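Report on one structure; see the data block that follows.
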2 protein chains.
Amino acid sequence: MLQHSILETLPRELQKEALESIQVMRFPPGKILFRAGEHCQGLPLMLSGAIKVQMTGVSGNSIVLYRMGADDICTLSIGCLMTGYGYRAEAIVDEEAEAAMVPRGLFDRLMDQSAAFRLGIMESYGRRLDDLMLLVEEVAFRRMDERLEEWLQARKSPIHITHQELAVELGTAREVVSRLLKELERKGRVSLARGRIDVSG
Amino acid sequence: MLQHSILETLPRELQKEALESIQVMRFPPGKILFRAGEHCQGLPLMLSGAIKVQMTGVSGNSIVLYRMGADDICTLSIGCLMTGYGYRAEAIVDEEAEAAMVPRGLFDRLMDQSAAFRLGIMESYGRRLDDLMLLVEEVAFRRMDERLEEWLQARKSPIHITHQELAVELGTAREVVSRLLKELERKGRVSLARGRIDVSG
DNA sequence: GGGGTCAGTGTGACTTTATCACTGAACGGA
DNA sequence: TCCGTTCAGTGATAAAGTCACACTGACCCC
């Protein structure tokens with residue numbers, strides 16, 4: 001119940017309040033948590049699963065910005081809560097996810113009364129900032145074939161994904177992914193099937 | 001004295017403490033505030049001037065991530081303060097800058113005791129996150145000639161900058177900037193001189 | 001002033017990536 | 001089985017990145 005590290009550090013009374021006002025929600029894969037432009041209701045603390053955050057540019061192309069996993073905090077929601085602006089990106093569930101939704105009022109109280117909670121929030125922000133800085137560098141300067149291979153190596157085979165989805169992961173075009181994958185297949189590093197990639201080795 | 005909006009919201013006693021422990025520093029153009037890997041001393045609140053934050057990738061190429069101006073807060077420093085990790089990027093003064101340096105202890109106390117201070121910090125984080133998300137999209141999907149023209153339009157002519165520096169602003173190679181600028185010159189949109197660009201219109 | 005030095009710029013040749021247009025293959029209903 | 005839809009492959013072309021090297025203006029120093 002409410003297994004999120006940031007809540008475990010709270011003093012007894014706040015923990016009690018948390019238990020009362022936090023509601024745990026469960027989201028199936030593919031579920032869209034929020035879209036660009038929407039406004040947020042509360043702060044999701046992730047208990048399990050995986051959620052990807054991606055944005056779509058003016059060009060119509062999309063790119064995955066980062067992923068959230070167990071014990072993460074949705075930093076985008078913090079921004080929305082504090083400033084009242086809508087989301088700029090969208091969040092889509094990868095693996096069935098559970099999240100504890102902290103309502104606005106409790107969030108304010110926790111920020112006010114728990115140094116540990118504040119630290120958790122700030123760390124989370126810092127990590128995202130780091131993620132994005134690295135992503136900028138990656139997108140700006142690294143070669144696509146290297147990035148693709150790394151991406152493939154980081155998962156376990158077989159990988160179930162379409163070329164289009166993979167293009168969004170890397171922030172490129174579908175055709176580019178198709179060609180690079182074909183090239184890898186020719187080299188014997190992967191074998192391809194519709195919606196599926198088997199990595200050799 | 002200490003004209004930073006986030007400090008003006010403080011209750012009298014904290015303001016007094018702030019005045020005592022904050023020291024205002026002045027930095028000349030070109031001064032490097034911090035480099036990648038360094039550790040931070042305190043939280044800079046910018047009073048005036050302009051500072052660019054850029055990072056250098058494994059490839060050796062650099063890109064400007066964002067700029068800080070008057071009334072900004074250095075979010076990278078917050079991350080360093082809270083987590084103890086070194087900076088991942090570097091900060092370089094563009095226009096002579098003044099900053100109020102908030103020491104660690106005061107920072108903790110302000111976070112604890114001022115909701116307005118917390119709000120300011122969080123807003124600042126949110127803005128950076130937004131900046132970086134937009135930058136990712138820009139770098140991944142937008143055409144370089146458009147980005148270059150926008151960059152030029154956003155300043156007032158004459159612009160004193162080398163092609164190399166401009167390449168870092170946009171996250172591309174010097175040759176690309178040179179060629180695009182030459183093309184613009186042929187179209188009569190700019191005129192070029194060593195270290196200087198005049199934009200027509 | 002002439003010569004040397006060096007940062008800054010120009011450009012050709014080539015590779016990589018993006019875009020456009022289209023084809024065909026695989027899959028899932030009806 | 002047929003049909004529509006999604007997914008994948010590919011040629012042609014344009015944009016951007018990389019490598020190599022030549023040129024030029026600014027400055028210093030004798």
Side-chain angles (χ1 to χ4, degrees), chain A residues 29-30 56-64 135-152 158-199, chain B residues 30 56-64 135-152 158-187 189-199:
Chain A
T56 301
V58 278
S59 61
N61 300 37
S62 301
I63 181 171
V64 172
L135 182 60
V136 168
E137 197 264 316
E138 176 140 339
V139 168
F141 301 126
R142 297 201 46 219
R143 296 184 41 137
M144 200 48 84
D145 52 359
E146 282 175 21
R147 294 179 54 212
L148 174 61
E149 282 217 66
E150 274 176 28
W151 195 96
L152 294 174
I159 305 169
H160 292 274
I161 192 171
T162 66
H163 296 185
Q164 177 57 53
E165 287 164 345
L166 194 33
V168 171
E169 292 286 335
L170 298 172
T172 183
R174 200 260 317 158
E175 299 90 315
V176 173
V177 170
S178 286
R179 276 192 251 264
L180 290 175
L181 281 174
K182 248 321 174 225
E183 184 59 28
L184 285 179
E185 193 179 39
R186 272 189 284 274
K187 289 185 194 161
R189 319 280 291 266
V190 301
S191 65
L192 303 176
R194 191 188 172 86
R196 169 178 171 154
I197 303 170
D198 291 82
V199 182
Chain B
T56 301
V58 279
S59 61
N61 300 37
S62 300
I63 182 171
V64 172
L135 182 60
V136 168
E137 196 264 317
E138 176 141 338
V139 169
F141 301 125
R142 297 202 47 219
R143 294 184 41 144
M144 200 47 84
D145 51 358
E146 282 175 21
R147 294 179 55 210
L148 174 60
E149 283 217 67
E150 274 176 29
W151 196 96
L152 294 174
I159 305 169
H160 292 274
I161 193 171
T162 66
H163 296 183
Q164 176 58 53
E165 287 164 346
L166 194 33
V168 170
E169 292 286 334
L170 298 172
T172 182
R174 201 261 314 156
E175 299 91 316
V176 174
V177 170
S178 286
R179 275 192 253 264
L180 290 175
L181 281 174
K182 249 319 175 227
E183 184 59 29
L184 285 178
E185 191 178 41
R186 272 190 285 274
K187 289 185 193 163
R189 319 279 292 267
V190 301
S191 65
L192 302 176
R194 195 186 171 85
R196 168 178 172 156
I197 303 170
D198 291 82
V199 182

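Values in this document were obtained by computation on a predicted structure and should not be read as measured data. Just so it is clear: chains get the letters A, B, ... in the order the sequence lines come, proteins before strands, and each one is counted from 1.
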Side-chain donor/acceptor contact of [X] with base of [N] under 3.5 Å:
{"X": "B/Arg194", "N": "C/dA7", "result": "yes"}
{"X": "A/Gln164", "N": "D/dC7", "result": "no"}
{"X": "B/Arg174", "N": "D/dG17", "result": "no"}
{"X": "A/Arg179", "N": "C/dT19", "result": "yes"}

For the side chain of [X], starting at C-beta, report the closest nucleotide among [options].
{"X": "B/Thr162", "options": "C/dT9, D/dT18, C/dT17", "result": "C/dT9"}
{"X": "A/Val176", "options": "C/dT17, C/dT9, D/dA16", "result": "C/dT17"}
{"X": "A/Ser178", "options": "C/dT19, D/dG17, D/dT10", "result": "D/dT10"}

Want to settle it: does A/Arg143 or A/Ala173 sit nearer the 5' end of DNA chain C, counting the closest nucleotide to each?
->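 Looking at DNA chain C, the more 5' nearest nucleotide goes with A/Arg143.
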
Any side-chain N or O of A/Asn61 under 4.0 Å from OP1/OP2 of C/dT19?
->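 True: A/Asn61 side-chain N/O within range (under 4.0 Å) of C/dT19 OP1/OP2.
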
Indicate whether OP1 or OP2 belonging to C/dA7 is found under 4.0 Å from a side-chain N or O atom of B/His163.
->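 B/His163 to C/dA7 OP1/OP2: no side-chain N or O under 4.0 Å.
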
[atom1] of [X] versus [atom2] of [N]: gap in Å, rounded?
{"X": "B/Leu170", "N": "D/dG17", "atom1": "CG", "atom2": "C1'", "result": "14 Å"}
{"X": "B/Glu175", "N": "C/dT9", "atom1": "CD", "atom2": "C1'", "result": "10 Å"}
{"X": "A/Glu137", "N": "D/dG17", "atom1": "CD", "atom2": "P", "result": "14 Å"}
{"X": "A/Glu183", "N": "C/dT17", "atom1": "CD", "atom2": "P", "result": "11 Å"}
{"X": "A/Met144", "N": "C/dA18", "atom1": "CE", "atom2": "P", "result": "5 Å"}
{"X": "A/Arg142", "N": "C/dT16", "atom1": "CZ", "atom2": "P", "result": "16 Å"}
{"X": "A/Phe141", "N": "D/dA16", "atom1": "CZ", "atom2": "P", "result": "15 Å"}
{"X": "A/Arg147", "N": "C/dT17", "atom1": "CZ", "atom2": "P", "result": "10 Å"}

Between B/Glu169, B/Glu137, B/Glu138, which is the residue that forms a salt bridge (Lys or Arg N to Asp or Glu O under 4.0 Å) with B/Arg147?
->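 When salt bridge (Lys or Arg N to Asp or Glu O under 4.0 Å) is applied between B/Arg147 and each of B/Glu169, B/Glu137, B/Glu138, only B/Glu138 qualifies.
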
Tell me the closest heavy-atom pair linking [X] and [Y], and the distance in Å.
{"X": "A/Leu135", "Y": "A/Val64", "value": "CD2-O, 3.8 Å"}
{"X": "B/Leu181", "Y": "B/Val190", "value": "O-CG2, 3.9 Å"}
{"X": "A/Ile161", "Y": "A/Glu165", "value": "CG1-OE1, 3.3 Å"}

CZ of A/Arg189: more than 12 outside heavy atoms within 6.0 angstrom?
->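 Not buried by this count: 12 neighbours or fewer within 6.0 Å.
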
